[in-house]
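Each remark here refers to the structure printed beneath this line.
Residues: numbered from 1 along the sequence shown. Computation of the quantities below employed the complete heavy-atom set of this structure, encompassing side-chain atoms and omitting hydrogens, waters and symmetry-equivalent molecules.
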Amino acid sequence: MEEIEQGLKRALRTRPVPSSTEGRLRFLLKAHRGSTRRAAAVLGVSQRTVQRWVTKKPGARRPPGPLQVEVIEEAVLARWQPRVRARLRAAGVLVRSGQWLQYGRA
């Protein structure tokens, strides 16, 4: 059942979610108007950690660990296309499926 729900969520997105961690961090910063402090509060890390992840200096950039990558992904998915999700909640989603069944004598 969970696979069907995830498939429907994927189908309802009009734009693909950023695939790279850097792209997801850029999206989070844009969603929080460039505030590394707000993004850090959402991710549960310090402001300095977020600054290290997004810096453009060649030797100062540190990639997030695997646990932080999961947290970043969850935060992005929760904030991705809020207007589309709101419209679907308001209108409701109708899923139609049809099957042809043929009964025969054995």
Side-chain angles (χ1 to χ4, degrees):
M1 191 67 167
E2 187 176 320
E3 293 175 12
I4 295 172
E5 185 178 326
Q6 288 176 352
L8 285 173
K9 286 180 183 178
R10 262 186 268 121
L12 296 175
R13 293 190 191 113
T14 56
R15 287 185 357 213
V17 179
S19 59
S20 70
T21 305
E22 293 173 12
R24 290 177 177 172
L25 283 169
R26 280 193 306 268
F27 169 76
L28 277 179
L29 284 175
K30 187 175 179 183
H32 293 291
R33 299 180 185 158
S35 172
T36 54
R37 180 174 292 162
R38 289 186 198 146
V42 168
L43 298 174
V45 295
S46 69
Q47 179 181 4
R48 182 66 185 120
T49 301
V50 174
Q51 289 171 347
R52 278 189 216 110
W53 291 343
V54 298
T55 188
K56 294 184 181 182
K57 292 181 183 177
R61 175 171 264 170
R62 301 269 191 262
L67 293 175
Q68 286 85 15
V69 169
E70 290 179 19
V71 172
I72 292 168
E73 181 179 0
E74 290 173 7
V76 168
L77 290 177
R79 287 164 182 75
W80 189 251
Q81 295 186 330
R83 291 182 191 164
V84 173
R85 287 197 324 268
R87 188 172 358 124
L88 290 173
R89 255 183 289 171
V93 177
L94 175 64
V95 178
R96 296 177 67 182
S97 66
Q99 294 180 345
W100 288 91
L101 301 175
Q102 183 176 3
Y103 294 102
R105 293 185 181 186

List the atom of Ala60, the atom of Thr55, and the distance in Å for their closest heavy-atom pair. C-CG2, 3.7 Å
Kindly write out the residues that satisfy side chain to side chain donor-acceptor pair (under 3.5 Å) with Ser46, not counting sequence neighbours, or none if the list is empty. Thr49
Closest non-hydrogen atom pair, Val42 against Ala75: CG1-CB, 4.0 Å
For Ala31, all residues meeting side chain to side chain contact (heavy atoms under 4.5 Å, CB included), sequence neighbours excluded: none
Solution key, residues 63-73 side-chain donor-acceptor pairs under 3.5 Å, sequence neighbours excluded:
{"residue": "Gln68", "atom": "OE1", "partner": "Gly65", "partner atom": "N", "Å": "3.1"}

Do Leu25 and Leu43 touch side chain to side chain, with heavy atoms closer than 4.5 Å? yes
Across all chains, not counting sequence neighbours, the salt bridge (Lys or Arg N to Asp or Glu O under 4.0 Å) partners of Glu74 are none
Taking salt bridge (Lys or Arg N to Asp or Glu O under 4.0 Å) as the cut-off, I'd like each qualifying pair that reaches into residues 25-37, sequence neighbours left out, listed once. none
Partners of Arg38 by salt bridge (Lys or Arg N to Asp or Glu O under 4.0 Å), sequence neighbours excluded? none
In short, ring-ring contact (aromatic ring centres under 6.0 Å, His included) pairs touching residues 30-70 with sequence neighbours left out are none
Tell me the salt bridge (Lys or Arg N to Asp or Glu O under 4.0 Å) pairs involving residues 40-57, sequence neighbours left out? none
Quick check: closest heavy atoms across Gly23 and Pro18, and the distance to 0.1 Å? C-CB, 3.8 Å
